[in-house]
There are 2 protein chains.
Amino acid sequence: MSKQRKLPLYVQIKNKLVNNIKEGVWQPGEAIPSESQLIEQYNVSRTTIRQAIQDLVQKDVLETRRGAPTRVKEEPQVDKGNPGIIHKEIGTNMEVKVLRFEKLKEHYYAKYQLDLEEDEEVYVLERLRIADSKPIAYQQLYLPIPIGEVVKGVASDVFDIFPVLGQHNIHHSNIQEMVSGSNATQYVADLLGIIPGEALTDIERTTVGIDDKPIEYSRTKYIPNAFMYRMEIGK
Amino acid sequence: MSKQRKLPLYVQIKNKLVNNIKEGVWQPGEAIPSESQLIEQYNVSRTTIRQAIQDLVQKDVLETRRGAPTRVKEEPQVDKGNPGIIHKEIGTNMEVKVLRFEKLKEHYYAKYQLDLEEDEEVYVLERLRIADSKPIAYQQLYLPIPIGEVVKGVASDVFDIFPVLGQHNIHHSNIQEMVSGSNATQYVADLLGIIPGEALTDIERTTVGIDDKPIEYSRTKYIPNAFMYRMEIGK
DNA sequence: CGTAATTTGTTCGTATGTATC
DNA sequence: TGATACATACGAACAAATTAC
């Protein structure tokens, strides 16, 4: 919290605005205070207020119109349907099995992906994703501590953590996925009930919140025909 | 020209910057003049210059780094209509080698994908995609006869057939891609110089023209780390 | 309907901080 | 280490669009 002192003023303001929206102080479609009011309220210059607002306009959180009050966007990009990208696991009865869930001190790459400091800890959650009693994927999730605490209680119950995070007012603004492939190691092959060396499809994902803070970095190894990754460009 | 009088100064500057990039005055990766130089050159305030630059950074045309000169982004927004899907082969010297190019009478699935009649023929084009003298992918392209005729002459020269089709006024309106994975067969392993059984990333693609007629159905098997499939949702 | 007040947009100037070269 | 370049932050004035009376 006190770490925020280091953050630029406009970022601090931005966070305060986002919080007000998250907490429902300003509802979607509603007007937020005018620039002059915010200047008084936070005792900063107009430049600073404007930069904070512009950043949020850019992210589709706010909406400005010359002469008219600035408003919170309707349907602020929360779970805005991915237009044309389908990433679907094939099956009817989906379960998950938690293999591991603990705090980690050492994991340079995950910390790098999550934009954390050297001395910060991360939660690591390893799960087996199961469709119709057959394992289809091995998943490693790395979560910042506060996010991990939210996920903690439900890790073995929910197949998808995002709705749960949404209930706690943690919304994502950006997801980046990278697709690759690998051969199953002995360890993973055993877990998935396949032969070591069989092809897996790897998906590496980084999710960022509307406050620009990372929510999750994950790596998932799928049995290729147990899921579908389809996307549509254009039209 | 005189029409620009009405546009805000920063938009005019922005247009000038974009023109310089388009005309190749500043190449991708190259530094553009510093803010102070631009201030002198265009005789405007720093605010104005910065707003123009910030807008272009936002659009991924420029790249700024505190302390370092502002640069033109490598690969600036190549496909405008492409909202965050990057499908890129990694390498500098790209070649292709044609393994097979002929008309086929029998190929039910390809004809189905291309929406052709039973008695129609298809062209099949099999190629090895090579980056820096190393094979990175095995590709099978199925083309309707008229499209195939266009591709015929250039199959061994062009890495990407779409620009060629564009020159013949064949434009696509829609691309659908499906990602999967498989293990290399003996045949493909030999072609790619890998060991049979190694993991490959498969991409199945269907392209539809602006006249709604199918242009191409293809299957490509990539060596996973020789290419990159990244997508971004939201923002 | 028109006018005044309000609100955001544009543009200038200046000063200081901080990362890069 | 010093010079350079971008980032942050303050203040001020006018323009343009909207809103309220």
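So you know, we letter chains A, B, ... as the sequences are listed, proteins then strands, and number each from 1.
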Set of residues satisfying ring pair (Phe, Tyr, Trp, His ring centres under 6.0 Å) with respect to A/Tyr123, sequence neighbours excluded:
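Per chain and number, A/Tyr123 pairs via ring pair (Phe, Tyr, Trp, His ring centres under 6.0 Å) with A/Phe101.
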
Quick check: A/Tyr109 with A/Tyr217 (ring centres under 6.0 Å apart)?
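Yes, ring centres under 6.0 Å apart.
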
Does the side chain of B/Asp202 reach to within under 4.5 Å of the side chain of B/Val179, using non-hydrogen atoms?
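B/Asp202 does not reach B/Val179 side chain to side chain.
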
Salt-bridged, [X] to [Y], with N to O below 4.0 Å?
| X | Y | result |
| --- | --- | --- |
| B/Glu95 | B/Lys97 | no |
| A/Arg71 | A/Glu30 | no |
| A/Glu35 | A/Arg50 | yes |

Go through residues 34-42 of chain B and report each residue with a non-hydrogen atom lying under 4.0 Å from DNA chain D, sorted by number.
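The stretch gives B/Ser34, B/Glu35 as the residues lying under 4.0 Å from the strand, ordered by number.
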
Does anyone know the first and last nucleotide of DNA chain C in reach of chain A, 5' to 3', at under 4.0 angstrom to a heavy atom?
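The protein-touched segment is C/dT7 to C/dT10.
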
Need one value for B/Thr47: base, sugar-phosphate or nothing, where a base atom within 4.0 Å counts as base even if backbone is also close, heavy atoms only.
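It contacts base atoms.
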
Would you indicate what B/Thr64 reaches in the nucleic acid, counting non-hydrogen atoms under 4.0 angstrom: base, sugar-phosphate, or nothing?
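B/Thr64: backbone/sugar contact only, no base atoms under 4.0 Å.
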
Calculate the interatomic distance between A/Arg46 atom CZ and D/dT8 atom P; express it in whole Å.
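Computing the A/Arg46:CZ to D/dT8:P distance gives 19 Å.
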
Side-chain donor-acceptor contact under 3.5 Å, A/Glu126 with A/Tyr138
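Yes.
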
Using only side-chain N and O atoms of B/Thr70, determine if any of them is under 4.0 Å from OP1 or OP2 of D/dC6.
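B/Thr70 to D/dC6 OP1/OP2: side-chain N or O found under 4.0 Å.
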
Ignoring backbone atoms, test whether A/Arg65 places a side-chain nitrogen or oxygen under 4.0 Å from the OP1 or OP2 oxygen of D/dT19.
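For A/Arg65, the contact criterion (side-chain N or O under 4.0 Å from OP1 or OP2 of D/dT19) is met.
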
